[in-house]
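This is a predicted model, so every value here is computed, not measured. Just so you know, residue 1 is the first one in the sequence shown, and it goes up from there.
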Amino acid sequence: MSVPAVRFDAVQKRYASGTQALRGVSFDVEEGEFFGLLGPNGAGKTTLITCLAGLATPTGGRIFVRGMDVRENRRAASLSLGIVPQEITFDPFLTVRETLRFQSGYWGIRNNDDWNDEILSNLGLSDKADASMRALSGGMKRRVLVAQALVHKPPVIVLDEPTAGVDVELREHLWDFIGRLHGEGRTIILTTHYLAEAQSLCGRIAIMKKGEVAALDRTEALLSRFDGRVLRCRIVEGECPKSLEGDLMRRHGADIALRLADADDALAKLEALRAAGVRIENLTVGQPDLEDVFLALTGA
């Protein structure tokens, strides 16, 4: 029986304030998976990753990285992990290249400039290699965080909101590079609020809510939980009638999504909107997506 890349075994975390951030979280991430860890703010995702990194100690349960207990063998377990945190931290007195050399030194690695240069190239940082960290934009600093996590060629890469607040160009560079690393056999764990990214990239997804796993399944199996279609449109004038609120799946400002049973139901809902004096635009009808599933499971 193969050993999973990461195993969370009944992990609990209670802070001194009394807050119970994790409530017996258990699941495995298999070797070579591209795994999504999703949930609304406060669901416990970052706490779980912090415990995985050995930066916080669970108050119950155990965490294993490739069979190594994180608490009992932290150094060896950490060598197998490359974690990209949410928070942007950096030494303002170092250049980008020096930052990667220092990070390599923490792992006892020397003379790996060729690999560091390859990372910089794949993340679109080559022209910034000798720039001071303090002179970089926020998006460029986030690219350096990704680079730092990869200097020791970890077999398990954890990306905690890696594309938050960054431009489209970085996303393309990042996902091309991460896709290549995944193709070479590395395990990828991704947390993101960009659910379209998770839907397209992740083979399996865990959705957390209030410190627990609310759902865990293959991506296509999660999407198949919802039968029928979804009508999406933007309300330009008027208000969604109360008769349709029972089928309202989500609303973002003027954009709404309504659950549909069939074509006749779509016609009936459009007629209800017209009768209520509602004017709409950007009308589409399609399959439910991961955001529909996420909101239904979390109520977020």
Asker: Supply the atom-to-atom distance Q103 CD to L100 CG, rounded to the nearest 0.5 angstrom.
Answerer: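 Reported value, rounded in 0.5 Å steps: 8.0 Å.
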Asker: Test of understanding: with salt bridge (Lys or Arg N to Asp or Glu O under 4.0 Å), list the residues that count as partners of R218, not counting sequence neighbours.
Answerer: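 Testing R218 for salt bridge (Lys or Arg N to Asp or Glu O under 4.0 Å), a comparison that skips the adjacent residues, returns E220.
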Asker: So which heavy atom on K141 is nearest to which on R134, and how close?
Answerer: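 Closest approach of K141 to R134: NZ-O, 4.2 Å.
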Asker: Return yes if some donor-acceptor pair links the side-chain N/O of T59 with the main-chain N/O of Y15 below 3.5 Å, else return no.
Answerer: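 Not confirmed, T59 side chain does not pair with Y15 backbone.
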Asker: Is there a donor in the side chain of D160 and an acceptor in the side chain of T191, or the other way round, less than 3.5 Å apart?
Answerer: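 Distance-only check passes for D160 and T191.
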Asker: How many angstroms lie between atom OG1 of T163 and atom CZ of R171, to the nearest 0.5 angstrom?
Answerer: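 Interatomic distance, T163 OG1 to R171 CZ, rounded to 0.5 Å: 4.5 Å.
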Asker: For the hydrophobic clusters of this structure (ILVMFWY residues joined by side-chain heavy atoms under 4.5 Å, transitively), does one cluster hold both I119 and M133?
Answerer: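 Yes: a chain of side-chain contacts under 4.5 Å links I119 to M133.
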Asker: Is there a path from I49 to L190 through hydrophobic residues (I, L, V, M, F, W, Y) whose side chains come within less than 4.5 Å of each other?
Answerer: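 I49 and L190: separate clusters.
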Asker: Looking at every heavy atom in both G39 and H193, which two are closest together, and how far apart are they?
Answerer: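 The pair with the smallest heavy-atom distance is O-NE2, 3.9 Å.
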Asker: To the nearest 0.5 Å, what is the distance between CE (M68) and CZ (R66)?
Answerer: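 Interatomic distance, M68 CE to R66 CZ, rounded to 0.5 Å: 7.0 Å.
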Asker: Please name the pair of heavy atoms, one in A56 and one in P58, separated by the smallest distance, quoted to 0.1 Å.
Answerer: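 That would be O-CD, 3.7 Å.
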Asker: With distance as the sole test, does K13 use its side chain to make a donor-acceptor pair with the main-chain N or O of T57 at under 3.5 Å?
Answerer: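 Such a contact is found between K13 side chain and T57 backbone.
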Asker: Provide the full list of salt bridge (charged side-chain N to carboxylate O under 4.0 Å, His left out) pairs with a residue in residues 106-115, sequence neighbours left out, each pair given once.
Answerer: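 Residue pairs with at least one partner in residues 106-115: R101-D113.
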Asker: State whether R232 and D255 are salt-bridged, where the test is any N-O pair (Lys NZ or Arg NE/NH1/NH2 against Asp/Glu carboxylate O) under 4.0 Å.
Answerer: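 No salt bridge links R232 with D255.
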Asker: I need the minimum non-hydrogen distance between A257 and V230, along with the two atoms involved.
Answerer: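 Smallest heavy-atom distance, with atoms named: CB-CG1, 3.8 Å.
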Asker: With side-chain contact (heavy atoms from CB on, under 4.5 Å) as the test, would you mind laying out the steps for V293 and I205 before giving the verdict?
Answerer: CA-CA 11 Å; V293 177; I205 289 172; over 6 Å; no
Asker: Rounded to the nearest 0.5 Å, how far does CZ of R229 lie from OG1 of T284?
Answerer: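 So the gap between those two atoms works out to 12.5 Å.
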Asker: Using the ring of each side chain (for Trp, its six-membered ring), is W107 parallel, tilted or perpendicular to H152, with breaks at 30° and 60°?
Answerer: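 Plane angle under 30°, so parallel.
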Asker: Output all residues satisfying side-chain hydrogen bond (donor to acceptor under 3.5 Å, both in side chains) with Q12, sequence neighbours left out; order by chain, then residue number.
Answerer: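 Not a single residue meets the side-chain hydrogen bond (donor to acceptor under 3.5 Å, both in side chains) criterion with Q12.
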Asker: May I have all residue pairs that pass salt bridge (charged side-chain N to carboxylate O under 4.0 Å, His left out) and include part of residues 142-153, sequence neighbours excluded?
Answerer: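 Output for this query lists R143-D167.
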Asker: Do L223 and Q199 come within less than 4.5 Å of each other through their side chains, counting heavy atoms only?
Answerer: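 Yes, side chains in contact.
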Asker: Could you tell me whether the side chain of T219 and the main chain of C202 form a donor-acceptor pair under 3.5 Å?
Answerer: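 Looks like yes, one N/O pair under 3.5 Å.
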Asker: Counting only N and O atoms by type, is there a donor-acceptor contact under 3.5 Å from the side chain of S121 to the main-chain atoms of D117?
Answerer: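 Not confirmed, S121 side chain does not pair with D117 backbone.
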Asker: Once side-chain hydrogen bond (donor to acceptor under 3.5 Å, both in side chains) is applied, do any residues pair with S104, and if so which ones, sequence neighbours excluded?
Answerer: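 Listed in chain order: N112.
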Asker: Would you say that P155 contacts T187 through its side chain, given a criterion of any heavy-atom pair below 4.5 Å between the two side chains?
Answerer: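 The answer is no, as the side chains (C-beta and beyond) never meet within the 4.5 Å cut-off.
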Asker: Can you name the residues that form a salt bridge (Lys or Arg N to Asp or Glu O under 4.0 Å) with E33, not counting sequence neighbours?
Answerer: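 For E33 the salt bridge (Lys or Arg N to Asp or Glu O under 4.0 Å) partners, ignoring immediate neighbours, are R204.
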Asker: Quick one: side-chain hydrogen bond (donor to acceptor under 3.5 Å, both in side chains) partners of E30, sequence neighbours excluded?
Answerer: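 Expected list: none.
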Asker: For the side-chain contact (heavy atoms from CB on, under 4.5 Å) test, which of T99, L123, L120 pairs with V144?
Answerer: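 Single side-chain contact (heavy atoms from CB on, under 4.5 Å) partner of V144 among T99, L123, L120: T99.
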Asker: For A10 versus S26, what's the shortest heavy-atom pair and its separation?
Answerer: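 Residues A10 and S26, closest heavy atoms: N-OG, 2.6 Å.
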Asker: Considering all heavy atoms of both residues, which atom of A215 and which atom of L297 are nearest to each other, and what is their separation?
Answerer: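 Result for this residue pair: CB-CD1, 3.6 Å.
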Asker: So do V151 and I109 actually touch side chain to side chain, heavy atoms under 4.5 Å?
Answerer: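 I109 vs V151: side chains apart.
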Asker: Give every residue pair that meets the ring-ring contact (aromatic ring centres under 6.0 Å, His included) criterion with at least one member in residues 17-60, sequence neighbours excluded.
Answerer: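 Output for this query lists F8-F27, F27-F35, F34-H182.
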Asker: Heavy-atom distance under 4.5 Å between the side chains of E291 and H252, does that happen here?
Answerer: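 Counting from C-beta outward, E291 and H252 do come under 4.5 Å.
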Asker: Should P162 and L174 count as side-chain neighbours, where that means a heavy-atom distance under 4.5 Å?
Answerer: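 They are in contact (side-chain heavy atoms under 4.5 Å apart), so the answer is yes.
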Asker: For the pair R259 and D292, evaluate side-chain contact (heavy atoms from CB on, under 4.5 Å) and give the outcome as yes or no after the intermediate values.
Answerer: CA-CA 10 Å; R259 184 180 288 104; D292 299 319; over 6 Å; no
Asker: Who pairs with K128 by salt bridge (Lys or Arg N to Asp or Glu O under 4.0 Å), at least two apart in sequence or on another chain?
Answerer: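 None.
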Asker: If you group Ile, Leu, Val, Met, Phe, Trp and Tyr by side-chain heavy-atom gaps below 4.5 Å, do L125 and I88 land in one group?
Answerer: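 Per the 4.5 Å side-chain linkage, L125 and I88 are co-clustered.
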Asker: List, by chain and then residue number, the residues other than Y194 in its hydrophobic cluster (Ile/Leu/Val/Met/Phe/Trp/Tyr, side-chain heavy atoms under 4.5 Å); write none if there are no others.
Answerer: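 Members alongside Y194: none; it stands by itself.
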Asker: Below 3.5 Å, can you tabulate the donor-acceptor pairs from side chains in residues 270-283 to any protein atom, sequence neighbours excluded?
Answerer:
from, atom 1, to, atom 2, distance (Å)
E271, OE1, R274, NE, 3.1
E271, OE2, R274, NE, 3.4
E271, OE2, R274, NH2, 2.5

Asker: How long is the span from the CG atom in L52 to the OG1 atom in T47, to the nearest 0.5 Å?
Answerer: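 Here the rounded value is 12.5 Å.
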Asker: Between V156 and I188, is there a shared hydrophobic cluster once you connect ILVMFWY residues whose side-chain heavy atoms come closer than 4.5 Å?
Answerer: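 V156 does not cluster with I188.
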Asker: What's the verdict on side-chain contact (heavy atoms from CB on, under 4.5 Å) for N122 and D176, showing C-alpha distance, side-chain angles and the deciding distance?
Answerer: CA-CA 8 Å; N122 279 283; D176 284 347; over 6 Å; no
Asker: Please indicate whether N111 has more than 12 foreign heavy atoms, meaning atoms of other residues, nucleotides or ligands, lying under 6.0 Å from its CG.
Answerer: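 Open: at most 12 neighbouring heavy atoms sit under 6.0 Å from CG of N111.
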Asker: Rounded at 0.5 Å granularity, tell me how far CD1 in I157 sits from OG in S80.
Answerer: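 Result: 11.5 Å between the selected atoms.
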Asker: Sequence neighbours excluded, which residues qualify as salt bridge (Lys or Arg N to Asp or Glu O under 4.0 Å) partners of E118?
Answerer: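 Once residues adjacent in sequence are excluded, the partners of E118 under the salt bridge (Lys or Arg N to Asp or Glu O under 4.0 Å) criterion are R180.
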Asker: With a 4.5 Å heavy-atom cut-off, do L244 and K269 have their side chains touching?
Answerer: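 SC-SC contact between L244 and K269 confirmed.
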Asker: Is any side-chain heavy atom of E31 closer than 4.5 Å to a side-chain heavy atom of S2?
Answerer: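 Counting from C-beta outward, E31 and S2 never come under 4.5 Å.
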Asker: Are V65 and L181 joined in one hydrophobic group, where the rule is that I, L, V, M, F, W and Y side chains link up if heavy atoms are under 4.5 Å apart?
Answerer: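 No; tracing contacts between hydrophobic side chains, which count when under 4.5 Å, never links both residues.
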Asker: With no hydrogens and no angle check, is any side-chain donor or acceptor of R14 less than 3.5 Å from a backbone partner on A16?
Answerer: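 It does not hold such a pair.
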Asker: Judged by modelled atom types alone, do R97 and T95 share a side-chain donor-acceptor pair under 3.5 Å?
Answerer: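 No pair is found: no donor N or O on one side chain lies under 3.5 Å from an acceptor on the other.
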Asker: Do L150 and V146 have side chains that get closer than 4.5 Å, going by heavy atoms?
Answerer: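 Yes; the side chains approach each other to less than 4.5 Å.
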Asker: Yes or no on side-chain contact (heavy atoms from CB on, under 4.5 Å) for I235 and C240, after CA distance, side-chain angles and deciding distance?
Answerer: CA-CA 8 Å; I235 294 178; C240 184; 4.1 Å; yes
Asker: Is there a donor-acceptor pair closer than 3.5 Å between any side-chain N or O of R186 and the backbone N or O of P154?
Answerer: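 Side chain of R186 to backbone of P154: a pair is present.
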